[in-house]
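Written below as structure tokens is the structure these notes are about.
Within every chain, numbering begins at 1; the chains are lettered A, B, ... in the order of the sequence lines, protein sequences first and strands thereafter. Excluded from the calculations below are hydrogen atoms, water molecules and symmetry mates; all remaining heavy atoms, backbone and side chain alike, are included. As the structure is a prediction and not an experimental result, all values here were calculated from the model.
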There are 2 protein chains.
Amino acid sequence: MAVCSVLDDNELYALEAIMSTRKLAANEMLLEEGEPKKRVFSLTSGVIRLYTSLPDGRRQIAGFLFPGDYIGLADDEVYSQSAEAVIPSVLCSFSARDMDELMGQFPKLKERLYQMTRIALRAARDNQLVLGRLAPVEKLASFLLLLSARAEQRGEPANPVHLVMNRIDIADYLGLTIETVSRSFTKLKTQGLIHLPDANTVEILSHRSLSAVAGINPHI
Amino acid sequence: MAVCSVLDDNELYALEAIMSTRKLAANEMLLEEGEPKKRVFSLTSGVIRLYTSLPDGRRQIAGFLFPGDYIGLADDEVYSQSAEAVIPSVLCSFSARDMDELMGQFPKLKERLYQMTRIALRAARDNQLVLGRLAPVEKLASFLLLLSARAEQRGEPANPVHLVMNRIDIADYLGLTIETVSRSFTKLKTQGLIHLPDANTVEILSHRSLSAVAGINPHI
DNA sequence: CGTGACTTTGATTCGCCTCAAAGAAGGTGG
DNA sequence: CCACCTTCTTTGAGGCGAATCAAAGTCACG
């Protein structure tokens with residue numbers, strides 16, 4: 001899954017030589033939109049939110065990054081979005097310059113990053129549909145299915161979905177307010193599609209019905 | 001701008017050898033979401049819309065492609081979105097297999113496609129903010145500025161923006177209805193920010209104020 | 001000049017946002 | 001260990017704005 005999953009021992013050694021570790025507390029900022037792209041990162045543990053802010057305080061979260069995800073895929077000279085830790089997180093940190101050099105040496109590394117960029121592009125475009133054309137309950141259903149699918153990819157259980165982010169983050173990801181997010185949870189609960197033992201745990205009772213509500217099944 | 005802009009004569013020759021030409025009438029479909037990715041394309045002239053549809057007919061246009069743009073950047077095995085001509089268009093068509101092979105031979109070609117993918121990712125993420133957090137008038141203002149900037153990139157005049165797409169397309173791109181798009185045009189007109197000699201021509205009267213309304217200035 | 005497609009404008013409805021407050025959970029200090 | 005405080009979530013009431021429904025206006029074309 002991670003960027004290094006395609007590398008052999010020799011390549012891994014070269015990668016580790018230019019690597020350092022960065023730890024973040026919850027809500028600590030990693031980088032800010034507009035800064036020169038000096039370093040790139042690979043997430044080891046934790047969760048990161050990638051977002052853009054408007055001058056008046058409105059915020060759009062473009063995505064949540066999980067272990068194995070890479071930070072800096074979209075950017076050339078400067079970071080195009082800000083990144084903050086959602087929960088305490090650990091990252092591998094690389095000089096962007098060193099990484100570029102290594103990409104030149106190891107085609108497999110470059111190919112892997114290129115592939116991850118394509119995956120990120122598909123995810124962003126899927127999200128455009130969610131933001132532009134889905135109703136609040138549909139948005140939430142699609143979000144829960146996405147989290148479930150991503151947990152499964154990481155080898156974690158797909159079904160009791162653990163929400164590491166709060167309602168504000170979910171709202172800012174789905175283009176809603178926290179009240180509407182909360183009401184949408186209640187609707188899904190009332191319809192018998194999910195169970196909420198606590199505010200941060202979602203048990204999907206009917207994957208099939210939830211997919212129908214979402215209108216789509218996310219293919220990431 | 002186009003994929004071939006970074007190639008030398010030798011490389012161009014190899015590219016032309018595997019190329020064929022595809023012409024599309026207005027509203028003709030080029031490819032459909034889910035089909036195996038047999039061919040990739042570079043747009044020579046015209047405009048293409050890239051979109052996703054829901055079973056109930058709702059549609060989200062992820063973006064409009066202009067001359068120089070590439071079709072197939074996001075996809076691996078299958079196309080992740082459908083593509084149709086907005087107006088009569090001409091494309092260079094390549095076998096995806098041949099193109100992959102050529103990318104292996106010519107690093108500059110691969111690098112260029114990688115770069116175009118990063119640009120597309122930034123555009124998609126910018127659009128997430130537009131879809132999720134901007135009000136209708138703000139959405140339209142940002143769309144007009146985007147079209148203006150893209151025209152300038154192609155060496156065309158930036159100011160009288162020519163709308164090649166109809167209100168339905170604009171609505172499906174911005175996550176609105178055609179009525180709201182039309183009313184937003186009227187609002188921008190009333191505020192003295194634009195002038196509409198006819199429904200498909202927008203004269204930007206105050207780039208500054210329009211940017212302020214949009215809340216952001218698109219950096220693509 | 002008539003027809004069809006597209007755009008604009010108007011009237012009404014519905015749903016999300018806003019404002020407000022209560023309820024639940026976690027942390028701190030007494 | 002419990003009372004208190006803060007933060008987060010849920011629920012309620014009301015207003016506003018975009019969608020919907022409807023119709024008129026505009027334009028291109030035959």
- CZ (B/R97) with more than 12 external heavy atoms under 6.0 Å: no
- Nearest-Å distance for atom pair CD1/C1', residues B/I168 and C/dT8: 14 Å
- Item | Nearest-angstrom distance from the residue atom CD1 of B/I178 to P of C/dT9 | 13 Å
Check: residues 163-173 of chain B side-chain donor-acceptor pairs under 3.5 Å, at least two apart:
residue	atom	partner	partner atom	Å
B/N166	OD1	B/I168	N	3.2
B/N166	OD1	B/D169	N	2.9
B/R167	NH1	B/A199	O	3.1
B/R167	NH2	B/A199	O	2.8
B/D169	OD1	B/R49	NH1	3.4
B/D169	OD1	B/R59	NH2	2.8
B/D169	OD2	B/R49	NH1	2.8
B/D172	OD1	A/R133	NH2	2.7
B/D172	OD2	B/R59	NE	2.7
B/D172	OD2	B/R59	NH2	2.9
B/Y173	OH	B/N127	ND2	3.3

- A/N200 has an atom CG; how far is it from atom P of D/dC8, in whole Å? 11 Å
- Would you indicate whether the side-chain heavy atoms of A/V130 and A/F143 approach each other to under 4.5 Å? no
- How close do A/A25 and A/A85 get, heavy atom to heavy atom, and via which atoms? O-CB, 3.4 Å
- Query: Could you give the CD1-to-P distance, from A/I170 to D/dT10, as a whole number of Å?
  - Reply: 9 Å
- Query: Starting at CZ of A/R167 and ending at P of C/dC17, how long is that distance when rounded to a whole Å?
  - Reply: 16 Å
- Item | Candidate list A/T21, A/L24, A/D69, test side chain to side chain contact (heavy atoms under 4.5 Å, CB included), partner A/L91, passing option | A/L24
- Note on the structure: From CZ of B/F185 across to C1' of C/dC6 the rounded distance in Å is 13 Å
- Item | Between P of C/dA25 and CG of A/N166, the distance in whole Å | 16 Å
- Item | Heavy-atom pair of closest approach, residues A/N159 and A/E203 | OD1-C, 4.0 Å
- Message: On DNA chain C, does the nearest nucleotide to B/K189 precede the nearest nucleotide to B/N27 from the 5' side, or the other way round? Give the residue.
- Response: B/N27
- Message: Counting primed atoms plus P, OP1 and OP2 as sugar-phosphate and everything else as base, spell out the protein contacts along nucleotides 16-30 of chain D at 4.0 Å heavy-atom distance: B, S or - for each nucleotide, 5' to 3'.
- Response: --SSBB---------
